[in-house]
Amino acid sequence: MRIYNTLTRRKEEFVPRDRGKVGIYVCGPTVYGYVHVGNARPYVFFAVLARYLRSRGYRVTLVENITDVDDKIIERAREEGTSADEVARRFADAYIEDTGRLGLGRPDIEPRATEHIGEIIDLCRRLEEAGYAYETGGSVYFRVERFAGYVKLSGQKTDQMQHSEPEREGETKESPLDFAVWKAAKPGEPSWESPWGRGRPGWHIECTAMSLKYLGESFDIHGGGRDLVFPHHENEVAQAEAAGGKQFVRYWMHNGMITRREEKMSKSVGNIFLLREFLKEYDPRVLILFFVGSHYRSPLEYSRENLDEAASRLERFRNCFWRLDELLAAVEAGQLAGDGDAAALDQAVAAAEEEFHREMEDDVNTAGALAASFGLVRAVNEYAEAGQKQGAVSRGSLQRARAALASQLGILGIEFTAEDYQGGELEQELLELVEQREQARRAGDYAAADAARDRIRAAGYEVRDTPQGPKLVRRD
RNA sequence: GGCGACGUGGCCGAGUGGUUAGGCAGAGGUCUGCAAAACCUCGUACAGCGGUUCGAUUCCGCUCGUCGCCUCCA
């Protein structure tokens, strides 16, 4: 598998540190507000990456942090007149609830900064002892000049920088580039005892401490949004490598930004769309399909048109599964021979599988992989058309095609169940309406037939006439 | 000012030195009482200008445009 590594700015063959195992750390949210659609992109992408790697036999450990102590949280608590702790807990719960509805499961480990204060202090102390950090006014700063590898990830030029983290009151930084790894507590702020007095973690230290704790040195993949490259990830590299001496991360992966009218979606711009609002209107799978429809490193425009297109794609997949299941049911019921030609469809399945994996192997090209899945959909439909005409299909072929399609979409995080088109037990009343419509049709009373269909539609179902008779499909 | 990315047919969006992306929308056709779903057919697109090459959308340079980072930010 080839992966684009931000560190080297090119695609590289992926070789995990430990054979057969992959450790992935993704920067999760700082919980001072509800997650928006932009935040959801890395969440979805790295879940997909983990799924793909697992499907290839790797044992994957996916770690996604929750930063629950931070300036913004404190600020929000002050605005609300509540405690930082309460704010963090509320939005951490909301984050888990909202992302949970995407149906991708949870990361293996979701560590919280406040539960790793000991590790963070320890890391700060090691940096200080090694001369890479110094104390001033109860805070501890990273001495950027001392670390030769600074800027190797982002490629920034430190002498051309426009800004730097401002000094805090009562503190004196040696250089404007230096950044806080530990912040002295101000009155009313959450704080913990430390060698430098009461304080709290600095900007980026929690990710370094927690990733090293759960994945060890030189772990495989560290991910997050493109906007985190500098300073967040650059500083993580500095902290980890200054403290440990070894390479921090082997492959850095950064997803592109979700945009709104060509502009990055972010809280500061004020153009965010909350995930929970999205989910009120759309099926969660629409968001996933929207994301995987483009390459993860590309910017992606959040618009009604693009979401509706994703919804149409979802519908095409859904119809394909519906058709597959109808055909298999027809075979079971003896309405269709099950021993028809297998070669045509089997060949298409093999081709689609090959293409799907080839695309995923190429820097997780989900858009290309999706094209392979659509190719399989077409092959199934063509095969079904022919099979209906000839009155025979291959039961085994259909099952293999279904399994392949389900597997591919499953890797992309999209699953279908019978609920999607049946909605459980059909009500007697509906079945009677279908029967009424059939009788009306046979009698040539099409006005009555159409009226029955309208009533069925009003009940949330659509009638589709097939060679095996009328079938009901759920509509949302 | 510095660093970086991108500009593909009506729209979204992959990709490649010469051979089909895919989807959505649209037109026609098949099937159907009509629908729905599906199938078939239909679009010589690669910002502009130079260069390298037998040949460039794909490589190089310049121009224009858009975006991201350099400040919290997925």
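Hydrogens, waters and symmetry mates are skipped; everything else that's a heavy atom, side chains included, is used. Lettering of chains follows the sequences in order, A, B, ..., and the numbering in each one begins at 1.
Across the P atoms, B:rA56 and B:rG2 are found 34 Å apart, a figure rounded to whole Å. B:rA14 and B:rG23 are spaced 15 Å apart, taking the P atom of each and rounding to whole Å. With both ends at atom P, the span from B:rC3 to B:rU71 equals 16 Å, rounded to whole Å. For B:rC40 and B:rG18, the P atoms lie 27 Å apart once the distance is rounded to whole Å. Taking atom C1' in both B:rG15 and B:rG68, one finds a spacing of 23 Å when rounded to whole Å. Spacing of P atoms, B:rA45 relative to B:rU19, comes out at 14 Å, to the nearest Å. Comparing the same atom, P, in B:rU44 and in B:rG4 gives a spacing of 40 Å after rounding to whole Å. Taking atom P in both B:rG22 and B:rC42, one finds a spacing of 12 Å when rounded to whole Å.
Tested against A:D363, the residues A:K11, A:R297, A:R358 include a single salt bridge (charged side-chain N to carboxylate O under 4.0 Å, His left out) partner, A:R297. With A:H233 as reference, A:W252 is the one residue of A:W252, A:Y25, A:Y150 to meet the ring pair (Phe, Tyr, Trp, His ring centres under 6.0 Å) rule.
At whole-Å resolution of the value, CD in A:Q439 and P in B:rG33 are 18 Å apart. In this structure, CG of A:L7 is placed 15 Å from C1' of B:rG4, rounded to the nearest angstrom. Following rounding to the nearest Å, A:R226 (CZ) and B:rA74 (C1') show an atom-to-atom distance of 12 Å. For the pair A:D70 CG and B:rC73 P, the computed distance is 7 Å after rounding to whole Å. Atom CG of A:L370 and atom C1' of B:rA14 are 10 Å apart (whole Å). As a whole-Å value, the separation of A:Q156 CD from B:rG1 C1' is 12 Å. Look at NZ on A:K157: it is 12 Å from C1' on B:rG4, rounded to the nearest Å.
In this structure, A:R106 forms a cation-pi arrangement with A:Y95, its terminal cationic atom sitting closer than 6.0 Å to the ring centre and no more than 45° off the ring axis. For the pair A:K471 and A:Y461, the cation-pi test (distance below 6.0 Å, angle within 45°) is failed. Remark: A:R143 fails to qualify as a cation-pi partner of A:F179 under the 6.0 Å distance and 45° angle criteria applied to the six-membered ring.
Checking side-chain atoms of A:N271 against main-chain N and O of A:S266 turns up a donor-acceptor pair under 3.5 Å. Distance alone, capped at 3.5 Å, places no donor-acceptor pair between the A:N39 side chain and the A:V35 backbone.
In the set B:rG33, B:rA35, B:rC67, the nucleotide with an atom closest to the side chain of A:R441 is B:rG33.
The residue A:G224 sits close only to the backbone: its heavy atoms come under 4.0 Å of sugar-phosphate atoms, none of a base. As judged by a 4.0 angstrom heavy-atom cut-off over every strand, A:Y446 is placed among the base-contacting residues.
Side-chain atoms of A:D159 and base atoms of B:rG2 include no donor and acceptor less than 3.5 Å apart. Contact annotation: side chain of A:D308 to base of B:rC12, donor-acceptor pair absent below 3.5 Å. No hydrogens or angles were tested; on distance alone, nothing pairs the side chain of A:R378 with the base of B:rC39 as donor and acceptor under 3.5 Å.
In terms of position on RNA chain B, the residue among A:I258 and A:L300 whose nearest nucleotide sits closer to the 5' end is A:L300.
Close to B:rC69, at under 4.0 Å from its OP1 or OP2, lies a side-chain N or O of A:K264. Side-chain N/O atoms of A:R316 include one lying less than 4.0 angstrom from OP1 or OP2 on B:rA38.
Here A:F374 does not lie in a stacked arrangement on the base of B:rG22, lacking the combination of planes under 30° and ring centres under 5.5 Å apart.
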Query raised in the report: Given the rule that a pair is Watson-Crick or G-U wobble with both distances under 3.5 Å, how would you write RNA chain B in dot-bracket, using | for pairs to a different strand?
Result: (((((((..(((.....[...))).(((((.......)))))....(((((..]....))))))))))))....
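Residues forming a side-chain contact (heavy atoms from CB on, under 4.5 Å) with A:S312 (at least two apart in sequence, or on another chain): none.
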